[in-house]
Amino acid sequence: MPYTGDVSPGSPPDVRELDALTITKVSVGPMDNNAYLLRCNATGEQILIDAANEAPRLLSLTGDSGLSTVVTTHRHMDHWVALEEVVAATGARSIAHAADAGELPVPSETVADGDTVSVGDCSLEVIHVVGHTPGSIALLYRDPAGIPHLFTGDSLFPGGPGRTTDPRDFDSLMTDLETKVFGRFPDDTWFYPGHGRDSTLGAERGSIPEWRARGW
């Protein structure tokens with residue numbers, strides 16, 4: 001079956017096979033959080049983006065290959081409910097941006113804008129997107145054989161930016177999205193948010209003025 005990214009709590013995972021990287025998307029927990037297991041096809045190394053909930057289910061996805069790293073996209077609790085249990089079971093290191101890492105339940109290595117996180121022979125670029133939280137990050141995989149793939153946490157969804165509660169945070173988030181995401185990457189960039197369905201930058205780009213005008 002072709003990958004759609006359409007998952008819901010209790011549904012089977014959706015798997016996307018790229019030349020060098022396999023992406024498995026699953027929805028977990030009462031808030032329909034997305035978690036993404038990334039596996040390097042050459043080495044078998046695996047990382048998890050957001051150990052959001054349902055630790056036994058996430059651990060069953062990793063299988064016998066183990067887990068090297070868990071990256072948390074931001075500090076909000078619904079994105080790390082399972083983090084402590086997953087790290088304890090696998091020995092994986094925990095990674096987050098320095099501005100949010102202190103809010104996590106396990107000691108975490110910190111990353112900054114422009115750093116890279118390795119998945120075997122593949123690498124993910126860290127993009128610091130300030131606004132939804134001070135330490136929100138997106139992770140970019142540049143597929144040498146295809147389109148860019150961007151994991152946006154709660155900073156970008158189909159239909160607009162992630163939730164903010166202060167006009168200054170909204171302005172910061174929109175500015176970072178416009179300059180660091182839409183300003184850098186092409187329309188065919190596929191993005192994977194922290195909740196709900198995926199989209200492409202091209203499908204959302206024309207709505208940026210509307211998002212700015214409405215203020216959310």
Side-chain angles (χ1 to χ4, degrees), residues 3 5 7-18 20-97 100-101 103-111 115-127 133 135-141 143 149-155 190-196 198:
Y3 176 84
V7 296
S8 58
S11 77
D14 202 1
V15 180
R16 188 170 207 169
E17 296 274 0
L18 307 178
L21 190 72
T22 297
I23 301 166
T24 300
K25 177 181 181 179
V26 63
S27 171
V28 293
M31 297 184 69
D32 189 14
N33 284 78
N34 295 326
Y36 300 94
L37 182 71
L38 278 54
R39 177 174 55 84
C40 172
N41 295 336
T43 68
E45 183 175 341
Q46 298 186 129
I47 75 165
L48 182 67
I49 299 175
D50 285 345
N53 213 312
E54 300 183 47
R57 191 171 184 212
L58 297 179
L59 290 169
S60 72
L61 283 182
T62 67
D64 297 331
S65 298
L67 191 66
S68 67
T69 305
V70 182
V71 181
T72 303
T73 58
H74 63 289
R75 65 170 69 173
H76 289 159
M77 185 177 180
D78 61 305
H79 290 262
W80 54 257
V81 169
L83 178 61
E84 190 170 14
E85 187 172 346
V86 167
V87 166
T90 63
R93 61 178 181 159
S94 172
I95 290 180
H97 189 274
D100 278 10
E103 302 292 323
L104 302 184
V106 298
S108 301
E109 300 176 28
T110 60
V111 290
D115 288 347
T116 58
V117 177
S118 295
V119 192
D121 293 342
C122 304
S123 64
L124 306 172
E125 178 189 343
V126 175
I127 303 170
T133 68
S136 289
I137 57 174
L139 297 164
L140 175 73
Y141 172 61
D143 183 3
H149 298 261
L150 184 67
F151 301 87
T152 58
D154 282 3
S155 292
W190 189 284
F191 72 87
Y192 307 78
H195 306 263
D198 307 347

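With sequence neighbours excluded, the residues forming a side-chain contact (heavy atoms from CB on, under 4.5 Å) with Asp78 are Met31, Asn33, His76, His195, listed by chain and number. Scored by the side chain to side chain donor-acceptor pair (under 3.5 Å) test, Thr133 finds Asp100, Ser136 as partners (sequence neighbours excluded). Applying the side-chain contact (heavy atoms from CB on, under 4.5 Å) criterion to His97, with sequence neighbours excluded, gives Ala99, His128, Ile137. Not a single salt bridge (Lys or Arg N to Asp or Glu O under 4.0 Å) links Arg16 to another residue, sequence neighbours left out. The ring-ring contact (aromatic ring centres under 6.0 Å, His included) check on Tyr36 picks up Phe151, Tyr192, with sequence neighbours excluded. Residues passing the side chain to side chain donor-acceptor pair (under 3.5 Å) test with Thr90: none are found, sequence neighbours excluded. Checked against salt bridge (Lys or Arg N to Asp or Glu O under 4.0 Å), Glu17 has no partners two or more places apart in sequence or in another chain.
Residues Val26 and Val7 are not in side-chain contact: their nearest non-hydrogen atoms beyond the backbone lie 4.5 Å or more apart. Taking 4.5 Å as the limit, every side-chain heavy atom of Thr22 sits out of range of all side-chain heavy atoms of Leu38. Val117 has its side chain within reach of Val126: a pair of non-hydrogen atoms, C-beta onward, lies under 4.5 Å apart. Contact of the Asp154 side chain with the Thr73 side chain is not registered, since no non-hydrogen atoms from C-beta on lie closer than 4.5 Å. No side-chain heavy atom of Thr69 sits less than 4.5 Å from a side-chain heavy atom of Leu48. Between Leu150 and Ile127, some side-chain heavy-atom pair lies under the 4.5 Å cut-off. Residues Tyr3 and Trp190 have side chains in contact (heavy-atom distance under 4.5 Å, counting atoms from C-beta outward).
Formation of a donor-acceptor pair under 3.5 Å by the Asp143 side chain with backbone atoms of His149 is not found in this model. Between the side chain of Ser108 and the backbone N or O of Ala101 there is no donor-acceptor pair closer than 3.5 Å. Using modelled atom types, one side-chain atom of Trp80 and one backbone atom of Arg75 make a donor-acceptor pair closer than 3.5 Å. A donor-acceptor distance shorter than 3.5 angstrom exists from the side chain of Asn41 to the backbone of Leu18, with no hydrogens or angles considered. With hydrogens and angles ignored, the 3.5 Å screen pairs no side-chain donor or acceptor of Asn53 with any backbone N or O of Val81.
Minimum heavy-atom separation, Gly5 to Asp198: CA-OD2, 3.6 Å. The two residues Ala92 and Val87 make their nearest non-hydrogen contact at O-CG1, 3.3 Å. Among all heavy-atom pairs drawn from Pro13 and Thr24, the shortest one is CB-CG2, 3.7 Å. When all heavy atoms of Cys40 and Leu21 are compared, the closest pair comes out as N-CD1, 4.1 Å. For the pair Pro105 and Leu83, the tightest heavy-atom approach, listed with the atom from each and the gap, is CD-CD2, 4.0 Å.
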Could you list the donor-acceptor pairs under 3.5 angstrom formed between side-chain atoms of residues 55-66 and any protein atom two or more places apart in sequence or on another chain?
from	atom 1	to	atom 2	distance (Å)
Arg57	NH1	Ser27	O	2.7
Arg57	NH2	Ser11	O	2.4
Ser60	OG	Arg57	O	2.7
Thr62	OG1	Leu59	O	2.7

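Residue Ile47 holds its CD1 atom at 8.5 Å from CG of Leu67, rounded to the nearest 0.5 Å. One finds the CZ atom of Phe191 at 13.5 Å from the CG atom of Leu140 (value rounded to the nearest 0.5 Å). Within the model, atoms OG1 of Thr72 and CD1 of Ile49 stand 10.0 Å from one another, a figure rounded to the nearest 0.5 Å.
For the side chain to side chain donor-acceptor pair (under 3.5 Å) condition, the pairs that include at least one residue of residues 115-125, sequence neighbours left out, are Glu125-Arg184. The salt bridge (charged side-chain N to carboxylate O under 4.0 Å, His left out) contacts involving residues 83-96 comprise Arg93-Glu109, where partners must be two or more places apart or lie in separate chains. The salt bridge (charged side-chain N to carboxylate O under 4.0 Å, His left out) contacts involving residues 26-52 comprise nothing, where partners must be two or more places apart or lie in separate chains. Annotation: ring pair (Phe, Tyr, Trp, His ring centres under 6.0 Å) contacts involving residues 48-69, sequence neighbours excluded, are absent.
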Which is it for Leu37 and Gln46 under the side-chain contact (heavy atoms from CB on, under 4.5 Å) test, yes or no, and what are the steps along the way? CA-CA 7 Å; Leu37 182 71; Gln46 298 186 129; 3.6 Å; yes

